[in-house]
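Everything numeric here is computed off the predicted structure, so don't read it as measured data. Per chain, numbering begins at 1; letters A, B, ... match sequence-line order.
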Protein chains: 2
Amino acid sequence: MLSERQMMILRAVVRDFTNTGVPVGSKALAKQLPIHVSSATIRNEMAALEEQGLIKKTHSSSGRIPSVEGYRYYVDHLVKPDPLQPNDIDVIQTSLGGDFHKIDEIISQSATILSNLTSYTAFTLKPELKDSRLSGFRLVPLGKRQVMAILVTDSGDVENQTFDVSEAVSGDQLEAVVRLINDQLVGLTLPDVLQKLQTDIPLKIANYLQSPTGFLDIFGDVLTRAAQERFYVGGRLNLLNFSQDSDVDSLKSLYSLIDKTDDIANVLGSPSDNISVQIGNEMTNDALRNFSLITATYDVNQHGRGMIAILGPTRMPYSRMLGIVGAFREELAKKLLDYYRNYDE
Amino acid sequence: MLSERQMMILRAVVRDFTNTGVPVGSKALAKQLPIHVSSATIRNEMAALEEQGLIKKTHSSSGRIPSVEGYRYYVDHLVKPDPLQPNDIDVIQTSLGGDFHKIDEIISQSATILSNLTSYTAFTLKPELKDSRLSGFRLVPLGKRQVMAILVTDSGDVENQTFDVSEAVSGDQLEAVVRLINDQLVGLTLPDVLQKLQTDIPLKIANYLQSPTGFLDIFGDVLTRAAQERFYVGGRLNLLNFSQDSDVDSLKSLYSLIDKTDDIANVLGSPSDNISVQIGNEMTNDALRNFSLITATYDVNQHGRGMIAILGPTRMPYSRMLGIVGAFREELAKKLLDYYRNYDE
DNA sequence: TCTTAGCACTTGGTTTGTTTGAGTGCTAAA
DNA sequence: TTTAGCACTCAAACAAACCAAGTGCTAAGA
């Protein structure tokens, strides 16, 4: 249990340290706090806070910095999101104001905006209807030997891939394959499709093609790509700003982490209603030890919900960041509703 | 004019320094060189080499390192490409041995292989027929409002993009647009298409669509993407290994450089017959001051010629790198010829 | 004329010691 | 419970000393 005064001190320690990056001492606090007590009193309180594991020293006679638990307490009980600065509002309005022709453009643009606002790295994930289903498959002959496979899901995702066919395949054959797939697989969830693809389909397709494996590989490829959620990343390079003393190895593992869709999906976790903050080693991944992650969902009514996130140093100004994330999720939801309204009617 | 002995010394200085990274002194050289002269003699020769600007000291009593001019002389006159190590041959064979369905897969895979072999950053550019022409355009309706635009060039490049159409556009209308474009534009070079797109076409297309600008924008987008050469990059993260003392800013500009297709095309220059080496500030771009670039073309007969390149620190073991690049260009050309042969017959 | 031994000199890097300033914990008095 | 005072700790900055590697130059030898 913390006293009012201890909370005040903890809040001040976190705020100071996140702003300046220097451990904060008792004298500085005494001068700065609204109550006027001596530095010795502050020292006693700080000792109490340290006792509880909320702050710690970098060496035996240094000022204090927040521990992970201290940050946790701070974001859970003490922080109040800053309202957006007028300037930031402007940035959002203009960057999101343009005319978009694809959901993905809005989402990817959002990652850029968020990283600009925060100067950290940002992730965005588009609103996802649960268990999207295969709603269409096409094979479009392009030239002498090139064919494009296109796959559409009922949530509006489109994946495609071109490939070369060695044998001269007739348009009729392609038609037949397409009809087969559409007959048998449309309406199923993607995992189901993937499963059938390894059982029923090869037999049936053999009626039309001598060597169906090529086709099926392609189809499988495109399918798995459609099945995994697609993240957009903004401000990748900002990670460089926080790599202490050029620890190349951890930087590398960090970058491979954020470029692997599966891994990053794992880190971000599943959408929850609130804005959530994960601090340093609260995340299982070792490469993130010195980082904090703020994630938030945004809600587009019947069109599902997506996520946004920013990744920055543990030592980040949480109040400002929470303000930005909170405001941005609303703007984004609004923009998307707009977009859908335009096209739905 | 350099004497035989001076060449021998220069070669040794470059080789030593690129291997160890430490300035090399007269005594070490005296011990190592096949001729036996005293270190004092070496010192005199080194003074002469320094006189000519081929080597230099890092401080007044240090050993020597090659200057840019020294490297230049070395690669122009002294270096002999190392033959490939058996291990490296293996890597190439197996990585390139698989079955590919697209040219692009081979080229992008090549970038990865090259960066693995060298542990530097590698670029590959696919064989390009000069002045490729538009050979086909499609609009494929995907769902209620989604349409995919596909563009094919006679060199086999495919670009595509999906977009949403707000008004309910009929299949007939789409057909008409496609027919129009195919009638009017197929066979022209891409720049010509782009030009016509801004003059003739808007008028004609207005017959079929109320607000054609949306379509034209999309088409223009896809077109310009097809028109610019497409690079593949492998081993991006390897650049981190050579960023001295974590100079974040130059790293950032380096990364933005290699991610901008236009810029990197500029740096690589146009294909020339030979393997070419650009050293440090011989490249105009400032971010590359401490890097060297080895570029080479590969030739796929009537299918055109492409480029490969590796970017590493100025202080790279040139003989080994030249060996790798030289061998790889051949392997790649062979593989591509194979690929084309399979599909052409 | 070229080579070489010898020597004085330069310099960066490492080690060691000193000082300074910010900060702490503790004690004793208010 | 608060506070002034004090002894103590530690990182950072600075300086002195030393070492190792290397250089340029000179003068003698081949």
Side-chain angles (χ1 to χ4, degrees), chain A residues 1-10 12-67 70 244-245 315, chain B residues 1-10 12-67 70 244-245 315:
Chain A
M1 252 324 53
L2 297 190
S3 69
E4 275 303 319
R5 192 164 66 183
Q6 288 170 337
M7 291 188 194
M8 172 186 292
I9 291 178
L10 177 57
V13 169
V14 174
R15 217 178 24 208
D16 261 36
F17 182 68
T18 52
N19 284 334
T20 68
V22 230
V24 6
S26 54
K27 218 188 278 183
L29 280 187
K31 212 171 295 172
Q32 174 201 121
L33 286 180
I35 56 178
H36 51 301
V37 292
S38 78
S39 65
T41 307
I42 306 277
R43 271 203 291 286
N44 290 332
E45 297 285 39
M46 286 172 103
L49 286 172
E50 184 164 15
E51 187 75 17
Q52 305 192 45
L54 297 174
I55 58 180
K56 62 187 179 186
K57 297 183 271 196
T58 61
H59 61 85
S60 80
S61 72
S62 78
R64 306 302 212 292
I65 66 174
S67 67
Q244 45 244 24
D245 60 77
R315 194 213 111 196
Chain B
M1 254 319 54
L2 298 191
S3 69
E4 275 302 320
R5 193 165 68 185
Q6 287 171 336
M7 291 188 192
M8 173 187 292
I9 291 178
L10 177 56
V13 168
V14 175
R15 218 178 23 209
D16 261 37
F17 181 67
T18 52
N19 284 333
T20 68
V22 211
V24 4
S26 55
K27 216 187 283 185
L29 280 186
K31 211 170 297 171
Q32 175 201 119
L33 286 181
I35 55 177
H36 53 299
V37 291
S38 77
S39 66
T41 306
I42 307 277
R43 274 204 289 285
N44 290 333
E45 297 287 38
M46 287 172 102
L49 287 171
E50 185 165 15
E51 187 74 15
Q52 305 191 45
L54 296 175
I55 58 180
K56 62 188 178 185
K57 295 184 271 194
T58 61
H59 62 85
S60 82
S61 73
S62 77
R64 306 302 212 293
I65 67 174
S67 68
Q244 47 244 25
D245 61 79
R315 193 216 110 194

Rounded to the Å, how far apart are [X] [atom1] and [N] [atom2]?
X        : N       : atom1 : atom2 : result
Asn44(A) : dT24(C) : CG    : P     : 11 Å
His59(B) : dC9(C)  : NE2   : P     : 18 Å
Phe17(A) : dA22(C) : CZ    : P     : 19 Å
Ile42(B) : dC2(C)  : CD1   : P     : 16 Å
Asp16(B) : dG22(D) : CG    : P     : 11 Å
Leu29(B) : dT4(C)  : CG    : P     : 14 Å
Arg43(B) : dG22(D) : CZ    : C1'   : 8 Å
Arg64(A) : dG23(C) : CZ    : P     : 11 Å

*From dG24(D), dA4(D), dC10(D), pick the nucleotide closest to the side chain of Glu50(B)?*
dG24(D)
*Can you tell which of dG25(C), dT11(C), dT4(C) lies closest to the side chain of Thr41(B)?*
dT4(C)
Does [X] place a side-chain N or O at less than 4.0 Å from the phosphate oxygens OP1/OP2 of [N]?
X        : N       : value
Ser26(A) : dT24(C) : yes
Arg5(B)  : dT3(C)  : yes
Ser62(B) : dG12(C) : no
Ser38(A) : dT3(D)  : yes
Lys27(B) : dT23(D) : no
Lys57(B) : dT10(C) : no

*asked:* Rounded to the nearest 0.5 Å, what separates atom CG in Leu54(B) from atom CD in Gln6(B)?
replied: 9.0 Å
*Could you state the interatomic distance from CD1 (Ile9(A)) to CG (Asp16(A)), rounded to the nearest 0.5 Å?*
12.0 Å
*Give a yes or no on this: more than 12 heavy atoms of other residues, nucleotides or ligands lie within 6.0 Å of atom NE2 of His36(A).*
no
*asked:* Does atom NZ (Lys57(A)) have a neighbourhood of more than 12 heavy atoms from anything else shown, all under 6.0 Å?
replied: yes
*For Leu2(B) and Gln52(B), what are the C-alpha separation, side-chain angles and deciding distance, and is it a side chain to side chain contact (heavy atoms under 4.5 Å, CB included)?*
CA-CA 9 Å; Leu2(B) 298 191; Gln52(B) 305 191 45; 3.3 Å; yes
*Is a donor-acceptor pair below 3.5 Å formed from side chain Ser60(A) to base dT9(D), judging by atom type as modelled?*
no
*Upstream residue (5' side of DNA chain C) when Pro23(A) and Ala40(A) are each assigned their closest nucleotide*: Pro23(A)
